[in-house]
2 protein chains.
Amino acid sequence: MLKTVLRFGLIALALLILFQLSNVSLVIPSIPADTVIGITAVILVALGIYLGGNIKKEKVVKVEVAAPVEIDQERIQNLGISQRELEVLNLISTGLSNQEIGEKLFVSESTIKTHVSNLFVKLDVKRRTQAVTRAKEWRIIV
Amino acid sequence: MLKTVLRFGLIALALLILFQLSNVSLVIPSIPADTVIGITAVILVALGIYLGGNIKKEKVVKVEVAAPVEIDQERIQNLGISQRELEVLNLISTGLSNQEIGEKLFVSESTIKTHVSNLFVKLDVKRRTQAVTRAKEWRIIV
DNA sequence: CACGCTTTGGTACTTAAGTATGAGTGGGTT
DNA sequence: AACCCACTCATACTTAAGTACCAAAGCGTG
């Protein structure tokens, strides 16, 4: 909104300058009217490109901001998913087995199975592949 | 390249029109010089915005083309992954069980198991969760 | 037509995954 | 201190996943 006002202000300013310049050739006859008009034309086109560029830039920013996937911390809280469970969930999504996850976290496979089972209840799923899909849907993992 | 030439051509054309219009007020005195200059200024700014827009549009396209994940058909070919196997792979990634995939494709679970086993060899993995990760890495699935 | 490849299906087996249940420890709260 | 919760681990079990091997129908190519 403010930017739009600014742009119209710039255009108005440019027009004012144009009108002023149109009198230069009358005041200073040594400068030909054609030269003044040419320079003004170039300035106006440049102004247009600048304004157009800014308008398009905003659209680019919108695309880039929408792209990154942010983790929904609030949903994690609401589902009651603990830090350890989240860790396990992330490792599941990388394709590790329960045993491998256990080795990576220095706990037994038994413990991982418990975490996984609890996760399934919280995510309302029956399989680990489904858990990964659901977790990505709900922006719990990337 | 060609577009750049076109743009400069348009600018040159615009300048020509400007110079022509500057004579209109001399030819037809009923139209004030200020009006002609004003209209020309607006046209030039519009031209600038149009040109600037086109220049920026190219940049937008580059961003948008880079973002979507394209399927690497060549890699699928090289790995010798068949159409049916690809179907199964996609259903695995949605979290379905072998039995569910069989029902969805109207074939037995046995058949799905065969496809899955063959897929694992081609993807060089040992588990279905790993297969999904690998397949996404290699842009075989979305 | 023979060959290769895809798709289908089966049996039999091993292994991983998932369920159910119980239980111990330590941190933090009331 | 009593309590809750997260984390840990174990046993015993069921089910799904995965492996190995074989087999047959169909389809296009050389």
### Query
Has the side chain of B/K122 got a donor or acceptor atom that lies under 3.5 Å from a matching backbone atom of B/G80?
yes
### Within residues 109-128 of chain A: residues closer than 4.0 Å to DNA chain D (heavy atoms)
A/S110, A/T111, A/T114, A/H115, A/R127
### Message
What is the first contacted nucleotide of DNA chain D and what is the last, in 5' to 3' order, if contact means an atom lying under 4.0 angstrom from a heavy atom of chain B?
### Response
D/dA17 to D/dT19
### Query
Which pair of non-hydrogen atoms, one from B/I140 and one from B/L89, has the smallest distance, and what is that distance?
CG2-CD2, 3.8 Å
### Summary
Rounded to the nearest 0.5 angstrom, the CD-CZ distance for B/Q130 and B/F120 is 8.5 Å
### Task
Looking only at non-hydrogen atoms, find the nearest pair between B/R134 and B/D124 and report the distance.
NH1-O, 3.5 Å
### Task
Would you confirm whether A/T129, through its side chain, and B/S97, through its main-chain N or O, come within 3.5 Å as a donor-acceptor pair?
no
### Query
Under the salt bridge (charged side-chain N to carboxylate O under 4.0 Å, His left out) criterion, do B/R139 and B/E74 qualify, and how do the steps go?
CA-CA 10 Å; B/R139 295 172 183 275; B/E74 200 183 324; over 6 Å; no
### Message
If you apply the rule salt bridge (charged side-chain N to carboxylate O under 4.0 Å, His left out), what do you find for A/K126 with B/E100, and how did you get there?
### Response
CA-CA 12 Å; A/K126 294 245 163 267; B/E100 287 168 337; over 6 Å; no
### Query
Just by distance, with hydrogens left out, do B/E87 and B/Q83 show a side-chain donor and acceptor under 3.5 Å apart?
no
### Task
Could you list all the side-chain hydrogen bond (donor to acceptor under 3.5 Å, both in side chains) pairs where at least one residue sits in residues 104-115 of chain A, not counting sequence neighbours?
A/S108-A/T111
### Message
Using a strict heavy-atom distance below 4.0 Å, which residues from residues 79-104 of chain A are in contact with DNA chain C?
### Response
A/S97, A/N98
### Query
Who pairs with A/S117 by side-chain hydrogen bond (donor to acceptor under 3.5 Å, both in side chains), at least two apart in sequence or on another chain?
none
### Query
Above 12 or not: heavy atoms from other molecules or residues under 6.0 Å from CD of B/Q77?
no
### Query
How bent is the helix from C/dC1-D/dG30 to C/dT30-D/dA1, comparing axes over its five end pairs at each side, to the nearest 10°?
40°
### Task
Give the minimum heavy-atom separation between B/V132 and B/S93, together with the two atoms involved.
CG2-CA, 3.7 Å
